Undergrad: 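One structure follows; several queries about it will come next.
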Amino acid sequence: MAVQGILKCVILFSLLANCVLTLSVVNVRDHGVVGDGITDDTQGLLRAWEVTCKSSSSSATMHFPANLEFLTRPLLFKGPCKPRNITVEIHGTITAPSEPRQWRCRSTDCDSWIRFSHVDGLFISGSGTGTISGRGEKWWNIKGKHRPAALRIMSSKNLRLSGLRFKDNPRMHIVLDGVQGARLTDLKIQAPGHSPNTDGIHIGDSTNVNIEHCTIGTGDDCISIGGGSKNMTIHNIRCGPGHGVSIGSLGKDGANDEVENIQIRDVVFTNTSNGARIKTWQGGKGYARNIAFERILCQNSDNPIIIDQFYCDHETCVDHNSAVKVSGVTFREVMGTSKRETAVKIDCSKTVPCEGITMENVYLKSNRHGKKASAYCSNGRGKVFGQVVPKVSLNFG
Ligand SMILES: *[C@@H]1O[C@H](CO)[C@@H](O)[C@H](O)[C@H]1NC(C)=O
Ligand SMILES: *[C@@H]1O[C@H](CO)[C@@H](O)[C@H](O)[C@H]1NC(C)=O
Ligand SMILES: *[C@@H]1O[C@H](CO)[C@@H](O)[C@H](O)[C@H]1NC(C)=O
């Protein structure tokens, strides 16, 4: 009896011990970080990360206090880490040196400014005030040079990113690359409409990603979805200025790109060059399928709806017979105004036509008085439901 009782106790105790969650908070200021916006805090931030990542607690928090400005050159926050969950709590502002040469990086390791790699269970929280400010103005003027992305998260699972602001970064603001399971909410991303390649959020090779309640205005795509992206939901987004929400570009230089199960809904585009867009290069392989754009409002967009299988960003592009297969694309309840006459453009490859295009309740007007909007459709097959204005002639199939 007594032995059994003791055994029970031992089992219970060890169960409890396993369940106890511990939390450690690492204030970056305790690791030599100054936060005056003048001192280079790079080394201090790397030390604070080491301590956070090696903590023996089940959850660890790296804390950036409010009202401070943390000046830093490129950072690599590397995992795997010991805690199951890591929170990076940013209240102040993280800023980059304003002169590109002060970044002191070679072109090879300058693809990003703040990079997280192999960190599972990462939560980056800005509580609405935390700001990532890359001071990209000088970078934007450098022609042909590789410009760094601001925040890049690579090879990680279960990411959360919320309440952060991003401002004027040299290139893309947020990049997810090889991320499985992510939730991005309440982000505010801003850069001038003329700033080159400053996409708001770019995603590639990532699955099960959810983006919601974000306001994005930049010089490139608000959100762009590259090859290897599957199972994504994007909703309640305000986009503009910028190039819209794009799938692609896919199939560049003959690449095999696969994108599927993407739902984009409740998006307002204001003064964007495109709205809902799918762009693929000639000569690519793979597919973009099961994609829905629903409840989209375009205010003054150049091209509200566009599928372009002849995407090319330079002057001479050769014709090819292969293309990324586009199928199962729905545009439902797309309303608003178009700046160009062609409000709907579906321009698909002759050898690999677009199939299963659904247009349902689309109403797009020209924003010029007395002008009518029109639709262009080549090699697109599918069906039209409800009221669709301008009239789109999809081949049946
Ligand atoms: C760790 O993060 C995951 C995913 O974000 C979350 O579901 C889980 O509750 C977190 N666990 C702890 C101990 O905070
Ligand atoms: C996408 O979601 C479906 C259905 O929820 C699931 O069966 C599939 O495994 C997911 N794909 C990936 C790559 O996670
Ligand atoms: C959109 O562009 C119009 C005309 O160019 C301008 O008046 C308006 O303020 C812009 N709207 C936004 C939200 O930028």
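Whatever order the structure lists them in is the order used to number ligands and atoms, beginning at 1. Remember, predicted model here, so these are calculated numbers, not experimental data. All residue numbers in this chain count up from 1 along the given sequence.
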Undergrad: Salt-bridge test for Arg265 and Glu294: reply yes if a basic N is under 4.0 Å from a carboxylate O, no otherwise.
TA: no
Undergrad: Filter on disulfide (SG to SG under 2.5 Å), then keep only pairs touching residues 182-236, sequence neighbours left out; what's left?
TA: Cys222-Cys239
Undergrad: Would you please write out the protein residues whose heavy atoms approach any atom of ligand 2 to under 4.0 angstrom, listed by chain and number?
TA: Thr207, Asn208, Asn231
Undergrad: How would you list, by chain and number, every residue that makes a salt bridge (Lys or Arg N to Asp or Glu O under 4.0 Å) with Lys345, sequence neighbours excluded?
TA: none
Undergrad: For Asn271, is at least one N or O under 3.5 Å away from an N or O on ligand 3?
TA: yes
Undergrad: May I ask you to say whether Asp266 pairs ionically with Arg295, meaning some side-chain N is under 4.0 Å from a carboxylate O?
TA: yes
Undergrad: Show me the pairs that pass disulfide (SG to SG under 2.5 Å) and involve residues 38-100, at least two apart or across chains.
TA: Cys53-Cys81
Undergrad: Does some side-chain heavy atom of Gln43 sit less than 4.5 Å from a side-chain heavy atom of His31?
TA: no
